[in-house]
Number of protein chains: 2
Amino acid sequence: MKKSSPVVGLSHLRITLSESFYVGPGRADLMELIAETGSISQAAKRMGMSYKRAWELVQALNEGFGAPLVETARGGKEQGASLTEAGREVLERYRGMQDATRRAIARDVDALAALHSDISKRK
Amino acid sequence: MKKSSPVVGLSHLRITLSESFYVGPGRADLMELIAETGSISQAAKRMGMSYKRAWELVQALNEGFGAPLVETARGGKEQGASLTEAGREVLERYRGMQDATRRAIARDVDALAALHSDISKRK
DNA sequence: CATCGATATTCCCGAGTGGACATATCGAGA
DNA sequence: TCTCGATATGTCCACTCGGGAATATCGATG
């Protein structure tokens, strides 16, 4: 009994922590890819966005939060980017909230999807 | 024991039903205001957006869903806009999902807020 | 058949966004 | 001290988005 279509359902969940900081799906994905690749530029490439945009997002994350969530190091072999402890926690919490939300709204999503396909057939 | 700040927490919840249709906070608010005021222009005014934008959103809702969620009537005394039965159900379901989501993520939001204020104090 | 209020539709323009590109910078290691 | 890979930062430009305004349309009602 697998899901029929992964596209339907929760697509955007944004959590606001203050006037200057929020986390949404894009920022979370970027953080995750930075953790995976150890590089802003690599993460940007995988997300299909420019390095500039990714770097600006990192700035927004760090400055908005008030403490670095993404650390960077220039030069040498160890250069690159990585998540700080706070960054890892923010990401983990966000993923948890996504899961909790999907579970919480599953019935409503099904009901809406049913209504939608119902009406589509009718015409 | 009331909430300290209503700004913190869930700020955006978008539900995608198909490639051409989704509901988010803005569309839901617009639908609700149309139901309340019985007019696209009135609803637009209350949301601080132009009539044009509101009208475009209504188009996106109706065409995206594949069936009218907002009905309009021109001319005479009965002119205006209102929600169809499907529109009311979509709106009601969306509000329900918002509530369910808020409940589901409450603990995580608190934990994130705690982490955030913790770090803010530290510096 | 003139009025009226709201919908429907188009045109023009400014602001903002983000991409592409070009450099500058850093610092470990060869 | 030169190289190298990645970060850091600015400039320029095409494109999009949405606002504002103007106009057309509708149709019950008097």
Side-chain angles (χ1 to χ4, degrees), chain A residues 11-12 14 19-65 67-84 86-87, chain B residues 12 14 19-65 67-84 86-88:
Chain A
S11 59
H12 287 255
R14 180 185 296 179
E19 289 180 7
S20 60
F21 182 74
Y22 69 89
V23 202
R27 293 178 174 202
D29 288 351
L30 180 61
M31 289 177 71
E32 191 166 297
L33 282 172
I34 286 174
E36 279 182 30
T37 64
S39 153
I40 294 179
S41 62
Q42 296 279 316
K45 195 161 297 181
R46 287 210 199 169
M47 291 196 65
M49 69 171 62
S50 64
Y51 171 82
K52 181 189 176 191
R53 171 127 182 79
W55 185 83
E56 285 169 348
L57 281 175
V58 168
Q59 296 305 301
L61 282 169
N62 288 344
E63 292 175 10
F65 191 73
L69 299 180
V70 175
E71 271 177 338
T72 58
R74 293 203 291 184
K77 189 178 178 183
E78 301 281 321
Q79 67 184 324
S82 59
L83 298 190
T84 63
Chain B
H12 287 255
R14 180 185 296 179
E19 288 180 8
S20 61
F21 182 74
Y22 69 89
V23 203
R27 293 178 173 200
D29 288 351
L30 180 61
M31 289 177 71
E32 190 167 297
L33 282 172
I34 286 175
E36 279 182 30
T37 63
S39 153
I40 295 179
S41 61
Q42 296 278 318
K45 198 161 294 181
R46 287 210 198 170
M47 291 196 65
M49 69 171 62
S50 65
Y51 171 82
K52 181 192 174 191
R53 171 125 182 79
W55 185 82
E56 285 170 349
L57 282 174
V58 169
Q59 295 307 302
L61 282 168
N62 288 345
E63 292 175 11
F65 191 74
L69 300 180
V70 175
E71 271 176 337
T72 59
R74 294 202 292 185
K77 191 179 177 182
E78 302 280 322
Q79 67 185 325
S82 59
L83 298 190
T84 63
R88 279 190 291 274

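Residue numbers begin at 1 in each chain, while the letters A, B, ... track the order of the sequences.
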Pairing residues for [X] by the side chain to side chain donor-acceptor pair (under 3.5 Å) criterion, not counting sequence neighbours:
X: B:Q79; result: none
X: A:T72; result: none
X: A:S11; result: B:T16
X: B:T37; result: none

Roughly how many Å is it from [atom1] in [X] to [atom2] in [N], rounded to a whole number?
X: B:Y51; N: C:dG5; atom1: OH; atom2: C1'; answer: 12 Å
X: B:K45; N: C:dG5; atom1: NZ; atom2: C1'; answer: 11 Å
X: B:Q59; N: D:dG18; atom1: CD; atom2: C1'; answer: 16 Å

Short N/O separations, protein against nucleotides 18-21 of chain C, under 3.5 angstrom:
| unit_1 | atom_1 | unit_2 | atom_2 | d |
| --- | --- | --- | --- | --- |
| C:dG19 | OP2 | A:S50 | OG | 2.8 |
| C:dG19 | O6 | A:K52 | NZ | 2.7 |

Please list all pairs meeting salt bridge (Lys or Arg N to Asp or Glu O under 4.0 Å) that have one or both residues in residues 40-65 of chain A, counting only residues at least two apart or in different chains.
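Counting only pairs at least two positions apart or across chains, the salt bridge (Lys or Arg N to Asp or Glu O under 4.0 Å) contacts touching residues 40-65 of chain A are A:E36-A:R46.
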B:W55, nearest nucleotide to its side chain (from C:dT7, C:dA8, D:dA6)
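Nearest to the side-chain atoms of B:W55, counting from C-beta on, is C:dA8.
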Any residue in residues 67-82 of chain B with a heavy atom nearer than 4.0 angstrom to DNA chain D? Just list them by number, or reply none.
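Within residues 67-82 of chain B, the residues near DNA chain D are B:R74, B:G75, B:G76.
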Is there a side-chain contact between [X] and [Y] in this structure, where contact means two heavy atoms from C-beta onward sitting under 4.5 Å apart?
X: A:F65; Y: A:T84; answer: no
X: B:V58; Y: B:I34; answer: yes
X: A:L57; Y: A:R27; answer: yes

Decide if atom CD of B:E78 counts as having more than 12 heavy atoms of other residues, nucleotides or ligands within a radius under 6.0 Å.
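Result for CD/B:E78: open.
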Under the side-chain contact (heavy atoms from CB on, under 4.5 Å) test, residues paired with B:R88 that sit two or more places apart
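B:R88 satisfies side-chain contact (heavy atoms from CB on, under 4.5 Å) with B:L83, B:E85 once adjacent residues are dropped.
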With sequence neighbours excluded, what pairs up with A:S82 under the side-chain contact (heavy atoms from CB on, under 4.5 Å) test?
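Scan of A:S82 (side-chain contact (heavy atoms from CB on, under 4.5 Å), adjacent residues dropped) gives A:E71.
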What distance separates A:L61 CG from A:M31 CE, expressed to the nearest 0.5 Å?
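Atom-to-atom, A:L61:CG and A:M31:CE are 6.0 Å apart.
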In residues 24-40 of chain A, what residues come within less than 4.0 Å of DNA chain C, judged by heavy atoms?
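Under 4.0 Å from DNA chain C: no residue of residues 24-40 of chain A.
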Using nucleotides 14-16 of chain D, report all nitrogen or oxygen pairs with the protein that are shorter than 3.5 Å.
none

Not counting sequence neighbours, which residues clear ring pair (Phe, Tyr, Trp, His ring centres under 6.0 Å) with A:Y22? List them please.
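A:Y22: no ring pair (Phe, Tyr, Trp, His ring centres under 6.0 Å) contacts found.
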